[in-house]
Amino acid sequence: MLIVTGSNGFIGANLVAALRDAHPGTPILGVDHYATDGTRYPTHAAVDHELSPDEFTKALSTNDLPAATTAIYHLGACSDTTVTDRDYVTRVNLDFSKAVWQYGVEHAVPLVYASSAATYGDGSHGYSDEADPTIYQPLNLYAESKHLFDLWALDQTRQGNAPPRWAGVKYFNVYGPMESHKGRMASMGYHWVNQVRDTGVTRLFKSYKDGYADGQQQRDFIYVADAVAATMHLMHADQPGGLYNIGTGVARPFADLATACFTALGREPRLEYIEMPESLRPQYQYFTQATVDKLRGAGFDAPMRDLTQGMADYVAWRRTNDGLAI
């Protein structure tokens, strides 16, 4: 049995669908907040068993899972970067992750868990998954919780208390199918396609940092199918446990992503620049770019989609599956 926590989420749902294709006949346990009627995104692949996070925590402690577990993909978390309830974020992102880790240790189950590129903070120390992670200073509570678990996992490994194989994956800016339920936390690719549909323009934040023109703030944008493929590869890679960036290795301006949205929709670009909320300015990242040498060194050699191809694939998917009419 394969376990996917966060299975009703964006990356988790895409992962479940990919696991279905890669491991036909293998049961999948999904851990998430499922509605009593089984409600999920219409195109989510169905799992064989469903547990809430609380039910799963209890099952871990009592070893009362539906079948023998062969792999755990732990993606479930509070991913809202604006949440300020420290006790809640600690319980959901740190304590829960420690329980999953300990189960992997005690039952010799390989584990891949989701960290985040947000752990790198403002980027002043770079974005290397091979550097000493203690140099990084996260900018919000979500990132801090992920960072603390990374440090804990590395310390546990040094003490010889680790699953037989593990990886903490630092996702950069993921976009693609099955993210509409994230609302305001969905990717800008999702929101800008909607803006073009509704208004004919995209709205980008102005820059408040010297050296960056409006729209030239940069991110490492990665299509969700590529992120999932890298995640699945690391589950089976014969490499030492550790942290791995999941990105393309190329930073692109937000203006390029907006333009790719228009291109995918067959429209001429119309970009507008708006004020950034003051509450976001102190913690805003102006540049992110994954170093991917470690990922490539672990044997993941598949090409990554560039923005033009990724947005074309995404828009085509939304037209077929998401009722996008434009």
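Computed from heavy atoms alone, side chains included, the values below leave out hydrogens, waters and symmetry copies. Note that the coordinates shown come from a computational prediction; the quantities given were computed from them, not determined experimentally. For reference, positions follow the sequence shown, starting with 1.
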Test item: Ile72 and Tyr103 side chains (from C-beta on) under 4.5 Å apart, heavy atoms: yes
Return the minimal non-hydrogen interatomic distance between Ser116 and Tyr142, and the atom names on each side. CB-OH, 3.3 Å
Are the side chain of Ser128 and the backbone N or O of Glu130 linked by a donor-acceptor pair below 3.5 Å? yes
With a sphere of 6.0 Å drawn around NZ of Lys206, does it hold more than 12 non-hydrogen atoms of other residues, nucleotides or ligands? yes
Could you tell me whether a side-chain N or O of Gln195 sits under 3.5 Å from a main-chain N or O of Arg203, the two making a donor and an acceptor? yes
Going by atom types only, do Ser52 and Asp54 share a side-chain donor-acceptor pair under 3.5 Å? no
Same apolar cluster: Met235 and Ile28, side chain cutoff 4.5 Å: yes
Rounded to the nearest 0.5 angstrom, the OG-CG distance for Ser180 and Asp322 is 5.0 Å
Does Ser145 have any side-chain contact (heavy atoms from CB on, under 4.5 Å) partners at least two apart in sequence or in another chain, and if so, which? Val89, Asn93
Asp226 side chain vs Arg305 backbone, donor-acceptor pair below 3.5 Å: yes
Measure across Asn161 and Trp101 and return the closest heavy-atom pair with its distance rounded to 0.1 Å. O-NE1, 3.0 Å
Could you give all pairs that pass the side-chain hydrogen bond (donor to acceptor under 3.5 Å, both in side chains) test and reach residues 232-242, with sequence neighbours left out? none
Please lay out, stage by stage, how Leu257 and Met188 fare under the test side chain to side chain contact (heavy atoms under 4.5 Å, CB included). CA-CA 8 Å; Leu257 174 62; Met188 293 315 302; 4.1 Å; yes
Phe172 reachable from Val250 in the ILVMFWY side-chain graph, under 4.5 Å edges: no
Would you check if the side chain of Ser7 reaches a backbone N or O of Val31 as a donor-acceptor pair within less than 3.5 Å? yes
Hey, are the side chains of Val292 and Phe300 touching, using non-hydrogen atoms and a 4.5 Å cut-off? no
Nearest-0.5 Å distance, CZ of residue Arg91 to CG of residue Asp85: 7.5 Å
Ring pair (Phe, Tyr, Trp, His ring centres under 6.0 Å) between Tyr136 and Tyr127: does it pass, once the steps are laid out? CA-CA 9 Å; Tyr136 300 117; Tyr127 299 91; 7.8 Å; no
According to the side-chain hydrogen bond (donor to acceptor under 3.5 Å, both in side chains) rule, which pairs have a member within residues 210-224, sequence neighbours left out? Asp220-Thr248
Ignoring hydrogens and angles, tell me if any N or O in the side chain of Glu50 forms a donor-acceptor pair with the backbone of Asp32 under 3.5 Å. no
Donor-acceptor under 3.5 Å (His147 side chain, Tyr120 main chain): no
Can we say Lys170 and Asp129 salt-bridge, meaning some charged N sits less than 4.0 Å from an Asp/Glu carboxylate O? no
Please walk me through it: do Leu271 and Phe254 pass side chain to side chain contact (heavy atoms under 4.5 Å, CB included)? CA-CA 11 Å; Leu271 280 58; Phe254 273 111; over 6 Å; no
Where do Glu268 and Phe262 come nearest, in terms of heavy atoms and distance? O-CD2, 3.3 Å
So do Pro164 and Pro110 actually touch side chain to side chain, heavy atoms under 4.5 Å? yes
For the atom pair CG (Asp150) and CG (Leu154), what is the distance rounded to the nearest 0.5 Å? 6.5 Å
Establish, yes or no, whether the cationic atom of Lys294 lies under 6.0 Å from the six-membered ring centre of Tyr244 and within 45° of the ring axis. yes
Short side-chain to backbone donor-acceptor contact, Gln289 and Ala251, under 3.5 Å: yes
Val201 backbone acceptor or donor facing Glu272 side chain under 3.5 Å: no
Start with the C-alpha distance between Tyr284 and Tyr208, add both sets of side-chain angles, then the distance that settles side chain to side chain contact (heavy atoms under 4.5 Å, CB included), and finish with yes or no. CA-CA 10 Å; Tyr284 188 80; Tyr208 298 84; over 6 Å; no
Sub-4.5 Å side-chain heavy-atom contact between Glu144 and Thr90: no
Heavy atoms, side chains only, cut-off 4.5 Å: are Arg318 and Asn194 in contact? yes
Could you tell me whether a side-chain N or O of Arg267 sits under 3.5 Å from a main-chain N or O of Arg197, the two making a donor and an acceptor? no
Tightest non-hydrogen contact, residues Ala162 and Thr157, listed as CB-OG1, 3.7 Å
Same apolar cluster: Phe149 and Leu111, side chain cutoff 4.5 Å: yes
Can Glu275 and Arg281 be counted as an ion pair, charged N to O under 4.0 angstrom? yes
Answer yes or no: is there a side-chain heavy-atom contact under 4.5 Å between Ser79 and Met185? no
Testing the 3.5 Å rule here: is there a donor-acceptor pair between the side chains of Asp122 and Ser124? yes
Heavy-atom neighbours of Glu278 CD exceed 12 at 6.0 Å: no
Met232 side chain reached by Leu15 side chain, heavy atoms, under 4.5 Å: yes
For the pair Arg270 and Thr199, evaluate side chain to side chain contact (heavy atoms under 4.5 Å, CB included) and give the outcome as yes or no after the intermediate values. CA-CA 10 Å; Arg270 290 180 57 199; Thr199 68; over 6 Å; no
For the atom pair OH (Tyr73) and OG1 (Thr231), what is the distance rounded to the nearest 0.5 Å? 8.0 Å
OG1-CE distance between Thr26 and Met1, expressed to the nearest 0.5 angstrom: 11.0 Å
Locate the shortest heavy-atom distance separating Cys78 from Val92; write the atom from each residue and the value. N-CG1, 3.6 Å
Could you state whether Leu141 and Tyr88 fall into the same hydrophobic cluster, counting links through intermediate Ile, Leu, Val, Met, Phe, Trp or Tyr residues with side-chain heavy atoms under 4.5 angstrom apart? yes
Is there side-chain contact between Val174 and Ile11, with at least one heavy-atom pair below 4.5 Å? yes
Taking Leu75's backbone N and O only, do any of them form a donor-acceptor pair with Thr5's side chain (distance below 3.5 Å, no angle check)? yes
Nearest heavy-atom contact between Tyr286 and Ser207 is CE2-OG, 3.4 Å
Examine Leu234 and Leu2 and state if one hydrophobic cluster contains both, with Ile, Leu, Val, Met, Phe, Trp and Tyr joined whenever side-chain heavy atoms are less than 4.5 Å apart. yes
Neighbour count >12 (heavy atoms, 6.0 Å) for atom CD, Gln137: no
Can you spot which of Lys146, His74, Gln102 makes a side-chain hydrogen bond (donor to acceptor under 3.5 Å, both in side chains) with Ser97? His74
Distance (rounded to the nearest 0.5 Å) between Asp80 CG and Lys182 NZ: 9.5 Å
Is there a side chain to side chain donor-acceptor pair (under 3.5 Å) between Asn173 and Arg252 once you walk through the steps? CA-CA 11 Å; Asn173 283 69; Arg252 297 286 299 273; over 6 Å; no
